[in-house]
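A, B, ... follow the sequence lines: proteins, then strands. Residue 1 opens every chain. Note that this is a predicted model, so its numbers are computed, not measured.
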Amino acid sequence: MPEGPEMVFLKEQAEQFIGQRVLEAKGAAKNIPYRILVEQELREIKTFGKEIFFCFQGFVLRVHLMLFGKYIFNEEINRELTLGVAFEDGEINFYASDCRVIQEPLSDVYDWTTDVLHPSFDAAKAQQNITRKPDQLICDALLDQTILAGVGNGIKNEVLFRAQIHPESVVGEIPDLQLKSLIRVCVTLSIEYLEWIREGTVPRPWQVYRQKECPRDRVPLRKARLGRPARSCYFCEVCQYLYLPDAL
DNA sequence: GGTTATGTTATTTC
DNA sequence: AGAAATAACATAAC
């Protein structure tokens, strides 16, 4: 569930509660001021990458779904509730999530120019940031949330396929134009992914992620755990070019 | 039943 | 000290 587009979709769903007061807040999450939340008015909802923020007067509730997180509206499921917040017209319940309170202004903590789904995303800056670690593998660079917030393992695999770049390519060896196009695809694919969610497209039309065959070459895809830490990569050895330093 | 997995952080190890 | 590996968290699908 938890790549950037999923969180933007959640924000769109939860925005129905803006302007409403909290009737009840409960859950197992630690360091949440449950009692203080009650009566507070939800002012705004924001996302940054895979995080969502419920903004109240003077503080922000931050939720990250991590790997197994789930949320459900107006219902509880038979599992330990991490955080449930009831508003005047409905409630939202989070499970297996990481929830925190942020006191500082969000703009002191987050830089939205790195969020691929934010209007102020700065592609040129992302390219500079990636190039700053020229020895890194591109499959790792794409998952760096300080460079491309919101890109997860699914988007990573799809983007590399579309840009025809092998996941084990060394960042410093990828030509500028290729890298630029790769970053652009991070944005366009994230937007497409958001559309799939909005339209309820299931299963997601992944081209390579969790797939068996290359849709371009009809060749079996390779699956390998690459990078640090090792993450699943699905790729085509025929059409995805491996950029490596010259041998010898 | 074992393995794997859309993610991040804390701890341990080198 | 600091980088890098490992564990931890918690859940469902294969």
Side-chain angles (χ1 to χ4, degrees), chain A residues 1-11 13 27-32 47-53 61-72 75-84 93-102 109-111 114-117 132-137 139-162 167-168 170-171 185-187 189-198 200-213 221-235:
Chain A
M1 185 156 267
E3 293 189 53
E6 310 271 4
M7 304 314 289
V8 174
F9 182 69
L10 168 56
K11 167 181 132 92
Q13 307 298 107
K30 290 169 188 161
N31 304 317
I32 301 294
T47 61
F48 173 83
K50 300 162 189 166
E51 300 168 70
I52 185 163
F53 309 108
L61 215 50
R62 186 215 79 136
V63 179
H64 193 305
L65 266 34
M66 304 303 283
L67 198 53
F68 307 121
K70 293 275 181 296
Y71 64 85
I72 190 162
E75 215 182 307
E76 282 197 54
I77 55 181
N78 184 23
R79 189 179 309 159
E80 185 183 66
L81 177 68
T82 309
L83 175 64
N93 295 310
F94 290 100
Y95 301 87
S97 303
D98 183 15
C99 306
R100 301 173 194 182
V101 165
I102 298 176
V109 191
Y110 295 93
D111 171 11
T114 63
D115 182 342
V116 294
L117 275 171
R132 210 162 280 162
K133 286 186 186 172
D135 298 334
Q136 197 176 35
L137 302 186
C139 61
D140 285 332
L142 287 174
L143 291 176
D144 186 333
Q145 298 302 295
T146 67
I147 300 178
L148 295 165
V151 172
N153 209 36
I155 292 173
K156 173 197 84 177
N157 278 290
E158 294 298 301
V159 153
L160 286 169
F161 175 74
R162 289 200 188 184
E168 279 182 298
V170 172
V171 160
V185 178
C186 287
V187 174
L189 186 94
S190 294
I191 292 168
E192 275 180 50
Y193 189 177
L194 179 56
E195 287 296 323
W196 298 341
I197 301 164
R198 283 180 182 142
T201 310
V202 176
R204 316 277 187 234
W206 300 119
Q207 291 187 282
V208 291
Y209 182 55
R210 293 174 172 162
Q211 304 305 306
K212 295 267 191 290
E213 182 184 274
L221 289 170
R222 278 275 315 280
K223 182 191 174 192
R225 286 164 68 85
L226 306 175
R228 266 192 310 244
R231 298 295 303 273
S232 298
C233 289
Y234 297 77
F235 56 99

Euclidean distance, atom [atom1] of residue [X] to atom [atom2] of [N] [Å, nearest integer]:
X        : N      : atom1 : atom2 : answer
A:Leu67  : B:dT8  : CG    : P     : 9 Å
A:Leu143 : B:dA5  : CG    : C1'   : 13 Å
A:Arg62  : B:dG7  : CZ    : P     : 14 Å
A:Lys30  : C:dA10 : NZ    : C1'   : 14 Å
A:Phe68  : B:dG7  : CZ    : C1'   : 9 Å
A:Lys156 : B:dA5  : NZ    : P     : 10 Å

Original post:
NA contact type, A:Gln145, heavy-atom cut-off 4.0 Å: base, sugar-phosphate, or nothing?
Top reply: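 Touches sugar-phosphate only.
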
Original post:
C:dA4 and B:dT6: how far apart are their C1' atoms, nearest whole angstrom?
Top reply: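 It comes out at 24 Å once rounded to the nearest Å.
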
Subject >> Whether A:Tyr234 and A:Tyr209 hold their rings parallel, tilted or perpendicular, with breakpoints at 30° and 60° >> reply: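 Perpendicular: the ring planes of A:Tyr234 and A:Tyr209 meet at over 60°.
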
Subject >> Aromatic plane relationship, A:Tyr193 with A:Trp196 - under 30° parallel, 30 to 60° tilted, over 60° perpendicular >> reply: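 Plane angle between 30° and 60°, so tilted.
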
Original post:
So, is A:Arg210 close to the B:dA5 phosphate, meaning a side-chain N or O under 4.0 Å from OP1 or OP2?
Top reply: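 No, because none of the side-chain N or O atoms of A:Arg210 sits under 4.0 Å from OP1 or OP2 of B:dA5.
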
**OP:** Return no unless some side-chain N or O of A:Arg225 is found under 4.0 Å from OP1 or OP2 of B:dA5.
**Re:**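 For B:dA5, OP1/OP2 do have a side-chain N/O of A:Arg225 under 4.0 Å.
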
Subject >> A:Met66 or A:Ile77, whichever maps to the more 5' nucleotide of DNA chain C >> reply: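 Looking at the nearest nucleotide for each, A:Met66 comes out on the 5' side.
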
Original post:
In terms of the nearest nucleotide of DNA chain B, which residue is placed more toward the 5' end: A:Tyr234 or A:His64?
Top reply: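 Comparing both residues, the 5'-ward one is A:Tyr234.
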
